[in-house]
Number of protein chains: 2
Amino acid sequence: MGPIVNETATNELARQEVTVSPVEKFREFLATRRMRLTQERETIVREIFADHEHFDSDQIVSRLTQPRRDGGRVSRATVYRTLRELEKAGLIRKVARSNDREVYEHDYGYPQHDHFICEKCSQLVEFRNDEISTVLERVSAEYGFRMKGHRLEVHGICDACARPPARRHRKLDMI
Amino acid sequence: MGPIVNETATNELARQEVTVSPVEKFREFLATRRMRLTQERETIVREIFADHEHFDSDQIVSRLTQPRRDGGRVSRATVYRTLRELEKAGLIRKVARSNDREVYEHDYGYPQHDHFICEKCSQLVEFRNDEISTVLERVSAEYGFRMKGHRLEVHGICDACARPPARRHRKLDMI
DNA sequence: ATGGATGCAAAGCGTTTGCATACAG
DNA sequence: CTGTATGCAAACGCTTTGCATCCAT
């Protein structure tokens, strides 16, 4: 997409510690595009970076759509529009698709990792392995492909759901 | 639309040679579910396995929606319904998402591989690398995760689009 | 015969967009 | 002030589904 921005160190195996807040980082990005950091945008960024959980558009919408004491409410349209910008800004990224929705996670100040997705409880579990990036860097080079990043979903059954008896996760297993 | 395919399949991960035709394989699957191999379903399977190209639902729909001398026409609803069954049957699988559509490919009689996805021309290029599966097998074991498979998209710029001058790939080439 | 399958059209659903109004810079 | 951004609601585009009819077994 954007040819500019993102001074991401070529090798993210060692993310630098975050020196700028997400909001500040976003403001910088917006500035380069002649865009403005509105209250709505700031509210959204704060909400998203309040924790490190995965999230989808609708979760953010439902949290900000109803009047809130602090941040003020934000419309559904603005949430979607802002999420797209945040992705371009490199602050968040889509990690998977779950129940027909894109699942996002922080991409700023968060180490590179991939996910296990349980077919039973549809839970996402992160795991970290540097070999994968290394292999991909090499293979990309072999193919003359300029790798910018990757999205890896490992499907299967998580440890909890695999245990035969007892209780298992219940998130959204139909039938 | 010419994804590069390496027929250099001789490795351990290589699929057991196909002994049954896709249609036959599908019939077997359907039987176990008390479902029937109708003319429509057979037409769809033949159309899909006529070549090894990636495809999305709409491509199949537009090819089978209009009367055809041989196979007869199939409705949009049936194509969608059958695609879902073919996925359960392990004959096809979703490999990526492009322009808001799921992109499928053969998962039967086709060697394991992953994809490069060009951000410029959105073309999918296959590549084969056994190390990835090996690493994932090991990491999964470490996490107590029963891996069934994975989906890996490597994003970036393809060789053609990276070359500064000259013309580049078209963005949305349909048919 | 008969329960599963098809086609059609309408409904679903997440996401996007046109437009009038409201602000950030 | 001026060009952006927001909200609302309607529009979208892919996919699913209700229902009457059809057909594989």
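Basis for what follows: all heavy atoms, side chains included, without hydrogens, waters or symmetry-related copies. Below, chain A is the first sequence line, B the second, and so on; all start at residue 1.
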Specify the separation, in whole Å, of atom CG of A:Asn99 and atom P of C:dG12.
19 Å

Rounding to a whole Å, what distance do you find between A:Arg33:CZ and D:dA5:P?
11 Å

Within this structure, what is the CZ-to-C1' distance between B:Arg84 and D:dT15, rounded to whole angstrom?
8 Å

Which whole-number value in Å describes the distance from B:Leu64 CG to C:dC8 P?
14 Å

Taking only the side-chain heavy atoms of B:Arg41 (C-beta and beyond), determine which of D:dT15, C:dT6, C:dA24 contains the nearest atom.
C:dT6

Would you tell me whether B:His106 and B:His52 have side-chain atoms, one donor and one acceptor, within less than 3.5 Å of each other?
yes

I would like to know whether A:Phe127 and A:His113 meet ring pair (Phe, Tyr, Trp, His ring centres under 6.0 Å); could you show each step before the answer?
CA-CA 6 Å; A:Phe127 71 87; A:His113 62 271; 8.5 Å; no

Is A:Arg101 near enough to C:dG14 that one of its side-chain N or O atoms lies under 4.0 angstrom from OP1 or OP2?
yes

Is the base of C:dG14 touched by the side chain of A:Arg76 through a donor-acceptor pair closer than 3.5 angstrom?
no

Short side-chain N/O contact to D:dG7 OP1/OP2 from A:Thr78, under 4.0 Å:
yes

Among the candidates D:dC23, D:dA5, D:dG7, find the nucleotide nearest to the side-chain atoms of B:Arg36.
D:dC23

Does a side-chain N or O of B:Ser57 approach OP1 or OP2 of D:dC14 to a distance below 4.0 Å, or not?
no

Go nucleotide by nucleotide along DNA chain D from the 5' end; which of B:Leu37 and B:Asp100 gets its closest nucleotide reached first?
B:Asp100

Atom CZ of A:Arg34 to atom C1' of D:dT2: distance rounded to whole Å?
13 Å

I need the CZ-P distance between B:Arg97 and D:dC14, as an integer number of Å.
10 Å

I want to confirm an ordering. Mapping B:Thr82 and A:Arg81 to their closest nucleotides on DNA chain C, which one lands closer to the 5' end?
B:Thr82

Measure the CE-CZ distance between A:Met147 and A:Arg138 for me, rounded to the nearest 0.5 Å.
11.5 Å

N/O (side chain, B:Tyr80) to phosphate O (OP1/OP2, D:dT16) under 4.0 Å:
no

Separation of D:dT6 atom C1' from A:Glu85 atom CD, nearest Å, is 14 Å

Under 4.0 angstrom between A:Thr38 side-chain N/O and D:dT6 OP1 or OP2
yes

Using the rule given for side-chain contact (heavy atoms from CB on, under 4.5 Å), can you reason through A:Arg151 versus B:Leu152, listing the C-alpha separation, both sets of side-chain angles and the distance that settles it, and then say yes or no?
CA-CA 6 Å; A:Arg151 171 162 156 164; B:Leu152 169 60; over 6 Å; no

At less than 4.0 Å, is any side-chain N or O atom of A:Arg27 found next to OP1 or OP2 of C:dG25? Yes or no.
no

On DNA chain D, does the nearest nucleotide to B:Glu40 precede the nearest nucleotide to B:Ala77 from the 5' side, or the other way round? Give the residue.
B:Ala77

Can you see whether A:Tyr110 engages A:Glu126 through a side-chain donor-acceptor pair at a distance of less than 3.5 angstrom?
yes

How close or far is atom C1' of C:dT15 from atom CG of A:Asp58, stated in whole angstroms?
11 Å

